[in-house]
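Below: the structure, in structure tokens.
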Amino acid sequence: MPDGEKLRRALQQEALRLLVRREHSRLELEQKLGRKLASFPEAAELEAEERKAVLSKVLDGLNERCWQSDQRFAQQRVTHRGARYGDQRLKQELSLRGVDAEVINDALSSGENELFRCRNVWLKKFGGPAENREGFAKQVRFLQYRGFSGATIRQVLKSSSDDSIIETILESNPEES
């Protein structure tokens with residue numbers, strides 16, 4: 001068996017080992033397998049371009065067999081982390097993992113409503129409206145850190161307390177709105 005074929009099989013086996021544990025984006029698998037590639041003795045005899053071609057062929061094969069799917073990865077990530085984080089944070093996380101923007105938008109649109117999630121996170125953390133300006137500011141910062149949009153935060157906090165305090169706080173941090 002040629003070295004390229006042995007390497008392809010070894011990489012495919014390693015990829016399947018990774019995918020059995022959890023879903024991975026194509027970029028994640030490519031990075032992990034790329035690091036693992038150096039440890040295979042078969043890879044030492046191949047040129048860099050040949051190794052890259054073998055890795056690409058393995059990833060394409062996984063995708064064709066539906067063993068790896070960026071859509072499934074994105075959907076699972078949104079489902080799992082969506083209960084705690086806003087759309088902005090989820091978009092950023094998925095984008096950093098190499099998921100296409102269209103796939104991200106599809107996954108987010110099929111998930112739970114951001115307003116509903118934001119309200120649940122807010123209630124779990126704070127239990128109700130703050131009693132002073134500093135408390136409101138703390139709540140806003142917390143929800144912003146979690147990746148909820150300014151408009152969503154405004155809706156959640158407006159529905160529970162004095163609008164003028166919230167507007168003042170959100171206007172002091174306009175880039176997050």
Side-chain angles (χ1 to χ4, degrees), residues 4-40 42-43 46-122 124 140-156 170 173-177:
E5 183 61 23
K6 285 175 90 173
L7 180 61
R8 187 190 66 74
R9 285 185 180 198
L11 281 175
Q12 185 173 2
Q13 208 169 27
E14 180 64 21
L16 290 174
R17 187 184 67 76
L18 291 169
L19 288 169
V20 164
R21 292 182 176 168
R22 72 168 178 88
E23 289 289 338
H24 287 72
S25 70
R26 182 180 174 106
L27 179 64
E28 283 180 320
L29 270 181
E30 186 175 350
Q31 291 170 343
K32 288 180 179 185
L33 294 176
R35 288 190 298 268
K36 188 74 172 175
L37 193 59
S39 68
F40 293 123
E42 298 88 4
L46 298 176
E47 304 226 358
E49 288 301 315
E50 290 175 303
R51 288 192 300 255
K52 195 172 186 176
V54 170
L55 180 57
S56 181
K57 187 175 180 180
V58 167
L59 293 171
D60 290 342
L62 293 170
N63 196 283
E64 287 171 12
R65 292 182 185 100
C66 294
W67 292 345
Q68 186 280 322
S69 166
D70 279 351
Q71 291 87 0
R72 197 170 52 232
F73 170 76
Q75 186 61 50
Q76 186 180 52
R77 191 83 178 178
V78 166
T79 300
H80 178 71
R81 294 180 62 81
R84 294 185 314 263
Y85 297 104
D87 288 354
Q88 292 174 347
R89 173 107 175 232
L90 294 170
K91 279 181 187 179
Q92 181 185 24
E93 287 180 2
L94 291 169
S95 171
L96 289 173
R97 285 170 173 74
V99 179
D100 185 53
E102 187 177 315
V103 173
I104 294 171
N105 290 334
D106 288 346
L108 288 173
S109 67
S110 67
E112 252 183 8
N113 182 315
E114 186 182 35
L115 180 62
F116 177 75
R117 293 180 316 195
C118 183
R119 183 158 180 78
N120 286 342
V121 167
W122 173 74
K124 184 175 180 182
V140 169
R141 282 191 309 273
F142 174 78
L143 293 172
Q144 286 174 336
Y145 172 76
R146 288 293 181 106
F148 294 104
S149 69
T152 301
I153 295 169
R154 190 175 291 118
Q155 276 187 287
V156 167
L170 290 174
N173 200 357
E175 70 277 354
E176 297 295 332
S177 297

(request) Would you give the length of the straight line joining atom CG of Leu143 to atom SG of Cys118, rounded to the nearest 0.5 angstrom? (result) 4.5 Å
(message) Within this structure, what is the NZ-CD distance for the pair Lys36 and Gln13, rounded to the nearest 0.5 Å?
(response) 10.5 Å
(request) Quick one: list whatever passes salt bridge (charged side-chain N to carboxylate O under 4.0 Å, His left out) with Arg77, sequence neighbours left out. (result) Glu93
(request) Please name the pair of heavy atoms, one in Val121 and one in Ala83, separated by the smallest distance, quoted to 0.1 Å. (result) CG2-O, 3.3 Å
(request) Please test Arg89 against Arg81 for side-chain contact (heavy atoms from CB on, under 4.5 Å), starting from the C-alpha separation and ending with a verdict. (result) CA-CA 10 Å; Arg89 173 107 175 232; Arg81 294 180 62 81; 4.1 Å; yes
(request) If a pair satisfies side-chain hydrogen bond (donor to acceptor under 3.5 Å, both in side chains) and one of its residues is in residues 15-26, list it, with sequence neighbours excluded. (result) Glu14-Arg17, Arg22-Glu28, Glu23-Arg72, His24-Lys32, Arg26-Asp60
(request) With sequence neighbours left out, write down each residue that passes ring-ring contact (aromatic ring centres under 6.0 Å, His included) with Phe142, or none if nothing qualifies. (result) Phe126
(request) Tell me, with the steps shown, if Arg8 and Gln12 meet side chain to side chain donor-acceptor pair (under 3.5 Å). (result) CA-CA 6 Å; Arg8 187 190 66 74; Gln12 185 173 2; 3.1 Å; yes
(message) Quick check: do Leu29 and Leu19 have side-chain heavy atoms less than 4.5 Å from each other?
(response) yes
(request) Please list, chain by chain and in numerical order, all residues satisfying side chain to side chain contact (heavy atoms under 4.5 Å, CB included) with Gln92, sequence neighbours excluded. (result) Leu96
(request) Assess whether side-chain contact (heavy atoms from CB on, under 4.5 Å) is satisfied between Leu33 and Leu59, documenting all intermediate values. (result) CA-CA 10 Å; Leu33 294 176; Leu59 293 171; 4.2 Å; yes
(message) With a sphere of 6.0 Å drawn around CD of Glu112, does it hold more than 12 non-hydrogen atoms of other residues, nucleotides or ligands?
(response) yes
(message) Give me the atom names and distance for the closest heavy-atom approach of Phe148 to Ile153.
(response) O-CD1, 3.6 Å
(request) Check Tyr85 against Leu90 and note the closest heavy-atom contact, atom names and distance. (result) O-CD1, 3.9 Å
(message) Show, in sequence, the C-alpha distance, side-chain angles and deciding distance for Asp87 and Ser149, and conclude whether the side-chain contact (heavy atoms from CB on, under 4.5 Å) test is met.
(response) CA-CA 8 Å; Asp87 288 354; Ser149 69; over 6 Å; no
(request) Please report the closest heavy-atom contact between Glu114 and Thr152, naming both atoms and the distance. (result) OE1-OG1, 3.1 Å
(request) Give the minimum heavy-atom separation between Ala15 and Leu62, together with the two atoms involved. (result) CB-CD1, 3.5 Å
With a 3.5 Å cut-off and sequence neighbours excluded, list the donor-acceptor pairs that the side chains of residues 47-57 form with protein atoms.
{"unit_1": "Glu50", "atom_1": "OE1", "unit_2": "Glu47", "atom_2": "N", "d": "2.9"}
{"unit_1": "Arg51", "atom_1": "NH1", "unit_2": "Ala43", "atom_2": "O", "d": "3.1"}
{"unit_1": "Arg51", "atom_1": "NH1", "unit_2": "Leu46", "atom_2": "O", "d": "2.8"}

(request) State the CG-CG distance between Leu16 and Leu11, to the nearest 0.5 angstrom. (result) 11.0 Å
(message) Any heavy-atom pair between the side chains of Leu27 and Asp70 that's under 4.5 Å?
(response) no
(request) Taking all heavy atoms of Val78 and all of Gly111, pick out the closest pair and write down the distance. (result) CG1-CA, 4.4 Å
(message) Taking side-chain hydrogen bond (donor to acceptor under 3.5 Å, both in side chains) as the cut-off, I'd like each qualifying pair that reaches into residues 99-110, sequence neighbours left out, listed once.
(response) Gln75-Ser110
